[in-house]
Amino acid sequence: NMSNVRSYTDKQILDRIKSLPSFKAIPKSKYIVGIRSTEDATNKFDDKFYLFEGETFLHVTTGTTNPGAPVLQGGFLKYNKAGAAVVKSNAWYYDVWSYGLHMGKMPALRQVGPITVYRDGDRDSKSEEIGAPITGLYGINFHAATYNNLFRGVQENIGEWSAGCQVVNNKQEHLQWIDLLKEQPRVSYVLLNEF
């Protein structure tokens with residue numbers, strides 16, 4: 001596990017997500033909690049995702065909540081001239097995802113509800129919440145870092161796999177999560193900064 005985010009108890013995570021200004025209620029269905037590493041190692045999958053159902057912890061896996069270095073350093077121009085999408089942290093996004101295909105090729109959760117992002121356009125390799133936050137539909141999906149469903153390893157480098165998407169680097173764990181979530185009409189997400 002290459003993730004640099006420290007480990008938390010279920011209670012620590014639940015207390016934190018309940019304390020956010022955008023908190024309304026804990027979903028009764030399954031939902032995902034992302035925790036963004038403070039260190040933010042450049043181009044590395046150093047964040048974590050936790051799967052909960054109500055107040056019950058189900059699984060944890062590793063991934064990224066930040067765009068990859070090639071996107072931050074100018075690759076964002078293909079998507080949006082203002083900068084790379086960096087999802088605003090310490091915020092709830094209720095009913096934001098539903099099952100579908102990412103780029104028509106990969107089982108994923110696709111953005112169907114609003115997400116707030118910053119446009120990081122300074123072209124350095126750090127993912128930053130800079131400028132004015134904007135809220136809308138930007139194709140911020142929850143997917144894995146390979147189209148190969150048989151891939152058994154864990155990827156290290158984000159590269160082009162995230163231009164704002166929340167990406168799991170363990171393909172088999174991601175497929176298991178999608179199996180658990182695909183029957184659910186909507187999936188909520190809450191993104192925390194490491195605390």
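Counted by atom type alone, N148 and K171 present zero donor-acceptor pairs between their side chains at under 3.5 Å.
Under the side-chain contact (heavy atoms from CB on, under 4.5 Å) criterion, A82 pairs with N80, R119, not counting sequence neighbours. With sequence neighbours excluded, the residues satisfying side-chain contact (heavy atoms from CB on, under 4.5 Å) with S89 are R36, E129, L191, N193. In this structure, the ring pair (Phe, Tyr, Trp, His ring centres under 6.0 Å) partners of Y147, at least two apart in sequence or on a different chain, are W161. Remark: K18 pairs with E55 by the salt bridge (Lys or Arg N to Asp or Glu O under 4.0 Å) rule, at least two apart or across chains. Every residue meeting the side-chain hydrogen bond (donor to acceptor under 3.5 Å, both in side chains) condition with D40, not counting sequence neighbours, appears here in chain and number order: N66. Checked against salt bridge (Lys or Arg N to Asp or Glu O under 4.0 Å), E128 has no partners two or more places apart in sequence or in another chain. Listed by chain and number, the residues in a salt bridge (Lys or Arg N to Asp or Glu O under 4.0 Å) with K11 are D15 (sequence neighbours excluded). When the ring pair (Phe, Tyr, Trp, His ring centres under 6.0 Å) test is applied to F195, the partners found at least two apart in sequence or on another chain are Y8. With sequence neighbours left out, the salt bridge (Lys or Arg N to Asp or Glu O under 4.0 Å) criterion links K182 to D179.
In this structure the side chain of P67 reaches within 4.5 angstrom of the side chain of V86, judged on heavy atoms. For the pair V168 and F49, the minimum side-chain heavy-atom distance is below 4.5 Å. In this structure, the side chains of D46 and E156 stay at 4.5 Å or more apart for every pair of heavy atoms.
Taken to the nearest 0.5 Å, the CG atom of L109 stands 11.0 Å off from the SG atom of C165. Here the straight-line distance linking atom OG of S162 with atom CG of N169 works out to 12.0 Å at 0.5 Å rounding. Atom CD1 of residue I35 and atom CZ of residue R16 lie 9.5 Å apart, to the nearest 0.5 angstrom.
Cluster membership for L58 and V190, using ILVMFWY side-chain heavy atoms within less than 4.5 angstrom, is not shared. There is no path of hydrophobic side-chain contacts, each under 4.5 Å, that joins Y118 to L137. Note on Y99: it does not cluster hydrophobically with L175, by side-chain heavy-atom contacts below 4.5 Å among ILVMFWY residues. Put simply, L20 and V117 are part of two different groups of oily side chains (I, L, V, M, F, W, Y) that touch within less than 4.5 Å, one to the next. Placement of L180 and V96 within a single hydrophobic cluster is found when ILVMFWY residues are connected by side-chain heavy-atom separations under 4.5 Å, directly or transitively.
Of all non-hydrogen atoms in Y138 and I115, the two that sit nearest each other are CE1-O, 3.5 Å. Minimum heavy-atom separation, L51 to W177: N-CH2, 3.5 Å. Nearest heavy-atom pair, A84 versus V71, reported as atom, atom and distance to 0.1 Å: CB-CG1, 3.9 Å. Across all non-hydrogen atoms, the minimal contact from Q111 to G136 is NE2-O, 2.8 Å. Pairing each heavy atom of N157 with each of F45, the nearest pair is O-CE1, 3.2 Å. Counting all heavy atoms, side chain and backbone alike, T135 lies closest to P114 at CG2-CB, 3.7 Å.
In summary, E160 and K78 engage in a salt bridge, as defined by a charged side-chain N under 4.0 Å from a carboxylate O.
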Practice item. Would you sort out whether T65 and D47 count as a side chain to side chain donor-acceptor pair (under 3.5 Å), showing the intermediate values? Key: CA-CA 7 Å; T65 67; D47 302 333; 2.9 Å; yes
Point to revise | Residues Y94, Y189; criterion ring-ring contact (aromatic ring centres under 6.0 Å, His included); working and verdict | key: CA-CA 6 Å; Y94 288 98; Y189 181 52; over 10 Å; no
Exercise for review: Given side chain to side chain contact (heavy atoms under 4.5 Å, CB included), test T56 with D10 step by step and report yes or no.
Suggested key: CA-CA 8 Å; T56 305; D10 306 356; over 6 Å; no
Review point. Yes or no on side chain to side chain contact (heavy atoms under 4.5 Å, CB included) for V87 and T116, after CA distance, side-chain angles and deciding distance?
Key: CA-CA 6 Å; V87 177; T116 301; over 6 Å; no
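For N4 (side chain) and S37 (main-chain N/O), no donor-acceptor pair under 3.5 Å exists by modelled atom type. Listed for the Q172 side chain is no donor-acceptor partner under 3.5 Å among the backbone atoms of R152. E173 contributes no side-chain N or O that, together with a main-chain N or O of N170, makes up a donor-acceptor pair within less than 3.5 Å. Using modelled atom types, no side-chain atom of D120 and backbone atom of G83 make a donor-acceptor pair closer than 3.5 Å. Judged by distance alone, with hydrogens and angles left aside, the side-chain atoms of K48 form no donor-acceptor pair with the main-chain N or O of G34 at under 3.5 Å.
The salt bridge (Lys or Arg N to Asp or Glu O under 4.0 Å) pairs that include a residue from residues 84-99 number zero, where partners must be two or more places apart or lie in different chains.
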Just distance, no hydrogens or angles: give the donor-acceptor pairs under 3.5 Å from side chains in residues 21-33, sequence neighbours left out.
{"residue": "S22", "atom": "OG", "partner": "W92", "partner atom": "N", "Å": "2.9"}
{"residue": "S29", "atom": "OG", "partner": "Q184", "partner atom": "NE2", "Å": "3.3"}
{"residue": "Y31", "atom": "OH", "partner": "G54", "partner atom": "O", "Å": "2.8"}

What pairs of donor and acceptor atoms, side-chain ones from residues 100-108 against any protein atom, are under 3.5 angstrom apart with sequence neighbours left out?
{"residue": "H102", "atom": "ND1", "partner": "N141", "partner atom": "ND2", "Å": "3.1"}
{"residue": "H102", "atom": "NE2", "partner": "H143", "partner atom": "NE2", "Å": "3.3"}

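Below 30°, between 30° and 60°, or above 60°: for F52 and F57 the angle between ring planes is above 60°, a perpendicular geometry.
Separation of the F142 and H174 ring centroids falls under the 6.0 Å cut-off.
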